[in-house]
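Step one of this worksheet: look at the structure below.
Both counts, for ligands and for their atoms, begin at 1 and track the order of listing.
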Amino acid sequence: MPAFAGMTLWTSGMAANKNVAIVGGGIGGLAAALALIRHGVEVEVYEQAPELKELGAGVQISSNGTRVLYALGLGKAIEKVGVIVAGKEIRLWSTGQTWKLFDLGAVSVERYGFPYMMFHRGDLHGALLQAIRRERPEAVRLNRKCVGLSQSADGVEMRFESGEKASAPLVIGADGVQSRVRAALFGADRPEFTGIVCWRVLVPRERVPAGIKLDVGTNWVGPGGHVVHYPVRGGELLNLVGLLERDDWRVESWTVQGSKDEFSNDFRNWHPDIHAMIRAGETPYKWALFSRPPMPAWTKRRVTLLGDACHSMLPMLAQGAVMALEDGMVLARCIEKYGIAPAALQRYETVRRERANRAVAGSADNARRFHNPDLANAEGAEAYVTREWQEEKVKQRYEWLFTYDATGVAI
Ligand SMILES: Cc1cc2nc3c(=O)[nH]c(=O)nc-3n(C[C@H](O)[C@H](O)[C@H](O)COP(=O)(O)OP(=O)(O)OC[C@H]3O[C@@H](n4cnc5c(N)ncnc54)[C@H](O)[C@@H]3O)c2cc1C
């Protein structure tokens, strides 16, 4: 039996008689809400959207994230929809030459206790939402776009676009990269365009070109860009993401459609396999990647931040959503231990901030590594890949992430 299968659901004796408000019902906000419910805390989630759904894209959750999902009681639900791949491979943009990056599958469970899983974002989000609704059908409130908040000695008042107001003794801003809660606490941020444009598309399994492996995650690397693909939704779909250094598109939105021709043109000299996947895919979407410097603080008295609201990162380490899952678990444990009080939020920030900021830096390092000019020609690339993806170096880059235990770390 795998080590994680026997894990018991997290419960506590704390009375469910006080509430915490969460602004934002994305993966981070819902994970925090479920963790709080499991710790006996009343919770309300205020989400701006009129209905709850995630966009059509994939998300990889490494063992440090699936550990949290199992502890939240979601083991069966995620095993139904997630895909456990055998490992990850690196491929060269021009020739398609392939190198092993690391083994996953049973190796992840053996080494870290939990699997590395690939999801359609909607499936993971749906699993969190269903679990919350089973416990508290009314916990998630839609059409509530938070536009500001103010604090007094004993509570926080949130204001919504509709003119409504709500209050709670503690508020968690899980409202993503363009967080209004962060702006209310610390003022407007100054995001910097990274010069990278990101494409995403889903390819139905029956249209995946021959020669594309469906049992591994693949990372094509090349000068000025990289392409990632992996199976999601029990293998029914392939998630394809392409990132390219390009200066003429600066819209930070997940919902802008592009065209297959434009996507293909961005990767015009790349391997035919990539173009075959783009052609086989549905309509692609594009998004400009912005970076924000690590924040020196996340908390002001009765309000704190979580997930992309306080540590958005480039996607090159595949840890943004995973960090949000870890945040939610640690936050719930701190509230259980220190009570519904500012001290709990301060402790949460102290436990989490350095690690999350290290992941922000690690993601930026990987961007330089994946897009390196040394990958331009095949001979130089061989030496570069052998050096940069040596087993010891890979361990240094990932081991500290995968071994972390948000359910047991000292708080
Ligand atoms: C191309 C790409 C690939 C990625 N791949 C991975 C990966 O493989 N693994 C991984 O771990 N991470 C990955 N990430 C990062 C991951 O997507 C994010 O870190 C994660 O979605 C953050 O979750 P969140 O809940 O903090 O924010 P979000 O997912 O942005 O959710 C925020 C929620 O708040 C709501 N909201 C916003 N403003 C308001 C408001 N004012 N009032 C009320 N509600 C509001 C939004 O509607 C939304 O529901 C990737 C990112 C990109 C761009």
Arg67 to Phe114 six-membered ring, cation-pi geometry met (6.0 Å, 45°): no

Between Gln390 and Lys395, do the side chains contain an N or O donor and an N or O acceptor separated by less than 3.5 Å? no

Residue shell for ligand 1, any heavy atom closer than 4.0 Å, reads Val23, Gly24, Gly25, Gly26, Ile27, Gly28, Gly29, Tyr46, Glu47, Gln48, Val59, Gln60, Arg121, Arg144, Lys145, Cys146, Ala174, Asp175, Gly176, Arg180, Cys198, Trp254, Trp287, Gly307, Asp308, Pro315, Ala318, Gln319, Gly320, Ala321, Val322

Can you list the residues that meet the side-chain hydrogen bond (donor to acceptor under 3.5 Å, both in side chains) rule with Asp374, with sequence neighbours excluded? none

What pairs of residues pass the salt bridge (Lys or Arg N to Asp or Glu O under 4.0 Å) test when at least one of them lies in residues 302-325, not counting sequence neighbours? none

Under the criterion side chain to side chain contact (heavy atoms under 4.5 Å, CB included), which of Asn219, Leu240, Val221 is the partner of Val228? Asn219

Residues that Glu236 engages under side-chain hydrogen bond (donor to acceptor under 3.5 Å, both in side chains), provided they are two or more places apart: none

